[in-house]
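In what follows, every heavy atom counts, from backbone to side chain, and hydrogens, waters and symmetry copies are set aside.
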Amino acid sequence: QVQLVESGGGLVQAGGSLRLSCAASGSIFSINAMAWYRQAPGKQRELVARTYSGSRTNYADSVKGRFTISRDNAKNTVYLRMNSLKPEDTAVYYCNADIIPYFGANTRNYWGQGTQVTVSS
């Protein structure tokens, strides 16, 4: 089974920065898209940032210019650098990845366990 292990969440003051990491492990043949989602209390889960095969990325309008998604293919790891954090960024952040776990398998979607990010005023 593929496992996505997240780290880096925590409590930060408004205006501060945080970097989330998500490492994929287990049976992995290849990783296609990787993404970060978040879910604030009482709200739907939303896409924060996504990186595709190659260099193309996209971001939610609310985080453009503040968040940066990056990927280390050698480590099967995706990062989310969050700068200029605002209280409205408070949410549980989830790692997501499209992975082919072994040769001949279909692409499968996996979720991390989620990590809490809390931004105080």
Hey, what do you get for [atom1] ([X]) to [atom2] ([Y]), rounding to the nearest 0.5 Å?
| X | Y | atom1 | atom2 | result |
| --- | --- | --- | --- | --- |
| S30 | N32 | OG | CG | 5.0 Å |
| I31 | N73 | CD1 | CG | 7.5 Å |
| I69 | T51 | CD1 | OG1 | 5.5 Å |

Shortest non-hydrogen separation from [X] to [Y] and the atoms involved:
| X | Y | answer |
| --- | --- | --- |
| Y59 | A49 | CD2-CB, 3.5 Å |
| R71 | Y52 | NH1-O, 4.0 Å |
| T77 | K75 | OG1-O, 2.9 Å |
| A97 | L4 | N-CD1, 4.1 Å |

Between the main-chain N or O of T68 and the side-chain N or O of R81, is there a donor-acceptor pair closer than 3.5 Å?
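No; zero donor-acceptor contacts below 3.5 Å.
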Counting only N and O atoms by type, is there a donor-acceptor contact under 3.5 Å from the side chain of S62 to the main-chain atoms of A60?
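Not confirmed, S62 side chain does not pair with A60 backbone.
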W36, V2: one ILVMFWY side-chain cluster at the under-4.5 Å cut-off?
yes
State yes or no: do M82 and Y37 share one hydrophobic cluster built from I, L, V, M, F, W and Y residues joined by side-chain heavy-atom distances below 4.5 Å, directly or via other members?
no
side-chain contact (heavy atoms from CB on, under 4.5 Å) assessment of Y79 paired with L20:
CA-CA 5 Å; Y79 305 94; L20 306 182; over 6 Å; no
Check whether any side-chain heavy atom of V48 sits under 4.5 Å from a side-chain heavy atom of L80, and report yes or no.
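The answer is yes, as the side chains (C-beta and beyond) meet within the 4.5 Å cut-off.
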Within a strict 4.5 Å, meaning less than it, do heavy atoms of the W111 and R45 side chains meet?
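Answer yes - side chains close enough.
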Can you tell me if Q44 has over 12 outside heavy atoms packed within less than 6.0 Å of its CD?
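No, because the 6.0 Å sphere around CD of Q44 holds 12 heavy atoms or fewer from other groups.
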Taking atom types as modelled, find out whether T90 and E88 have a side-chain donor-acceptor pair closer than 3.5 angstrom.
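No.
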Basic-acidic side-chain contact under 4.0 Å: D89, K86
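Result for this pair is no, no salt bridge flagged.
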My understanding is that only residues two or more places apart in sequence, or in another chain, count here; which of them pass side chain to side chain donor-acceptor pair (under 3.5 Å) with Q3?
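Partners of Q3 under the side chain to side chain donor-acceptor pair (under 3.5 Å) test: none.
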In residues 5-19, what donor-acceptor pairs under 3.5 Å come from side-chain atoms, sequence neighbours left out?
residue	atom	partner	partner atom	Å
E6	OE1	T115	N	3.4
E6	OE2	C95	N	2.9
E6	OE2	G114	N	3.3
Q13	OE1	S120	OG	3.4
Q13	NE2	S120	OG	3.2
S17	OG	N83	OD1	2.8

Can you list every pair that meets side-chain hydrogen bond (donor to acceptor under 3.5 Å, both in side chains) and has a residue in residues 92-102, with sequence neighbours left out?
R38-Y93, R50-D98, N96-N109, D98-N109, Y102-R108
